[in-house]
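Chain naming here is simple, since letters A, B, ... match the order of the sequence lines and numbering starts at 1 in each.
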2 protein chains.
Amino acid sequence: MTRAAGTRAPASDEASAAAETPGCGDTGFGAYVVEAQAGFLLRRAHQRHAALFQEMMGARALTPTQFTALIKIVECGTVTQNRLGRLAAMDPATIQGVVRRLIARGLVQRDSDPGDRRTHVLRASPAGLELARQAVACATEITTATLAPLAPEERPLFLSLLGKLI
Amino acid sequence: MTRAAGTRAPASDEASAAAETPGCGDTGFGAYVVEAQAGFLLRRAHQRHAALFQEMMGARALTPTQFTALIKIVECGTVTQNRLGRLAAMDPATIQGVVRRLIARGLVQRDSDPGDRRTHVLRASPAGLELARQAVACATEITTATLAPLAPEERPLFLSLLGKLI
DNA sequence: CAGGGATTGTTCGTATACAAATAATTATCC
DNA sequence: GGATAATTATTTGTATACGAACAATCCCTG
């Protein structure tokens, strides 16, 4: 994470220099250091992963959520939109937009369900299936890159702890 | 994380039942399981933290980013907007909106800098300072709640590993 | 001191993320 | 079988998050 000083990047290394950044002294918050809190670190780690994902996914141009949704659709073969949202951990309002963009790119198709007139059935198109296969290979490298700062033996431990945070 | 089946919640427990959700068989992705990847877990952990934050911050109605920005302003006494963004790990475009909302709530004030006509100097208002003090106490509990699923001895370890992911 | 490069803040467009409200439909229960 | 509850999908509004482009200003170097 060595970045030039004048970048438009979201977080300069200043954000890691917890305690005493010049001009920013202690102001009576006791031992509370924002940069050391779980929430702050989760946000930054998530930011970094998203950046890695975008960079490494490259021309495939899938966002993390689009990728997750597409994979889940392929795994299910056929899903309903809200159920897909639950599988992919997305709000009905959020999954709506994600699916709309996947359909707009021709990666997913949507058929009406004769058994339930409320829903539409989602299914991956051939192009979507092909892209999914390529993306999975790429995503494996993205996971590796995300965990790269950890020693190999720390990685499963970290994932196990992270997984407990539901 | 025991939630009723029909909630509007972003992620039902279905999203944790990795391998074999009924109707969603293996479709040739080999050993790749989305729900076990670092990115997916980071996104969910971040979501959960944000939900805890909103719930526990309650009437104070600060979002995690607003809280971070406010704390950083108080710590610095006086900051420039972009510099604040770097300290709080936010894009210039993002910090702009965060600061605008803090100003709209009267928690932060903005004065022009005679030494540099590009910038404005940010400073916490008395109300902002008071809210910051209350919020820090609350945020400490939020961190505890976030890490609650971990055994006490696992918590510093987890934070240390998470911190390595920059 | 002049001119090029860097920095600051803003705006626009896109993509999550979620609460809340809504209409349409299905499921349940008395 | 009919009222009620639940579910599905959509829409609106708000809040991150970031790339890209921009004008104003500063800084530095020649």
Worksheet, complete the sentence: Here the distance between atom P of dT25(C) and atom CD of Q81(A), to the nearest Å, is 17 Å
Fill in: Phosphate OP1/OP2 of dA17(D) contacted by R43(A) side-chain N/O (<4.0 Å)
yes
Worksheet, complete the sentence: Rounded to whole Å, the CG-P distance (L84(A) to dT16(C)) equals 12 Å
Worksheet item: Does R86(A) put a side-chain nitrogen or oxygen below 4.0 Å from OP1 or OP2 of dT8(D)?
Response: yes
Response to the item:
Checking dT16(C), dT26(C), dA17(D) against the side chain of V98(A) (C-beta onward), the nearest is dT16(C)
Worksheet, complete the sentence: Rounded to whole Å, CG of N82(B) lies from P of dC18(D) at a distance of 14 Å
Discussion item. Which is more 5' along DNA chain C, the nucleotide nearest R101(A) or the one nearest H120(B)? Just name the residue.
Written reply: H120(B)
Discussion item. Can you see if the side chain of R117(A) gets near the phosphate of dT26(C) - specifically, an N or O under 4.0 Å from OP1 or OP2?
Written reply: yes
Fill in: Side chain to side chain, V121(A) and V79(A), heavy atoms closer than 4.5 Å
no
Discussion item. Determine whether a donor-acceptor pair (one donor, one acceptor, N or O, separation below 3.5 Å) exists between the side chain of R118(A) and the base of dT26(C).
Written reply: no
Worksheet, complete the sentence: Between CD1 of I95(A) and P of dT7(D) the distance, given in whole Å, is 18 Å
Worksheet item: Just how far, in rounded Å, is P of dA21(C) from CG of D91(A)?
Response: 15 Å
Worksheet item: Do the rings of H46(A) and H46(B) sit parallel, tilted or perpendicular, given the 30° and 60° boundaries?
Response: parallel
Worksheet item: OP1 or OP2 of dA17(C) less than 4.0 angstrom from a side-chain nitrogen or oxygen of Q54(B), does that happen here?
Response: no
Discussion item. Distance alone, cut at 3.5 Å: any donor-acceptor contact between the side chains of Q109(B) and S125(B)?
Written reply: no
Worksheet item: More 5' along DNA chain C: A51(B) or T119(B), using each one's nearest nucleotide?
Response: T119(B)
Discussion item. What's R110(B) touching, base or sugar-phosphate or nothing? Going by heavy atoms closer than 4.0 Å.
Written reply: sugar-phosphate
Worksheet entry | Residue pair R155(A), L159(A): steps toward the side chain to side chain contact (heavy atoms under 4.5 Å, CB included) verdict | CA-CA 6 Å; R155(A) 293 168 200 171; L159(A) 289 179; 5.6 Å; no
Worksheet item: Relative to the ring of F158(B), is the ring of F158(A) parallel (under 30°), tilted (30 to 60°) or perpendicular (over 60°)?
Response: parallel
Worksheet item: Can you check whether T63(A) has a side-chain N or O nearer than 4.0 Å to OP1 or OP2 of dT16(C)?
Response: yes
Worksheet, complete the sentence: Separation of dT10(C) atom P from M90(B) atom CE, nearest Å, is 15 Å
Fill in: Length of the CZ-P vector between R44(A) and dA17(D), whole Å
12 Å
Worksheet, complete the sentence: Taken to the nearest whole Å, CZ/R83(B) to P/dC26(D) is 19 Å
Worksheet item: Within less than 4.0 Å of OP1 or OP2 of dT16(D), is there a side-chain N or O belonging to Q96(B)?
Response: no
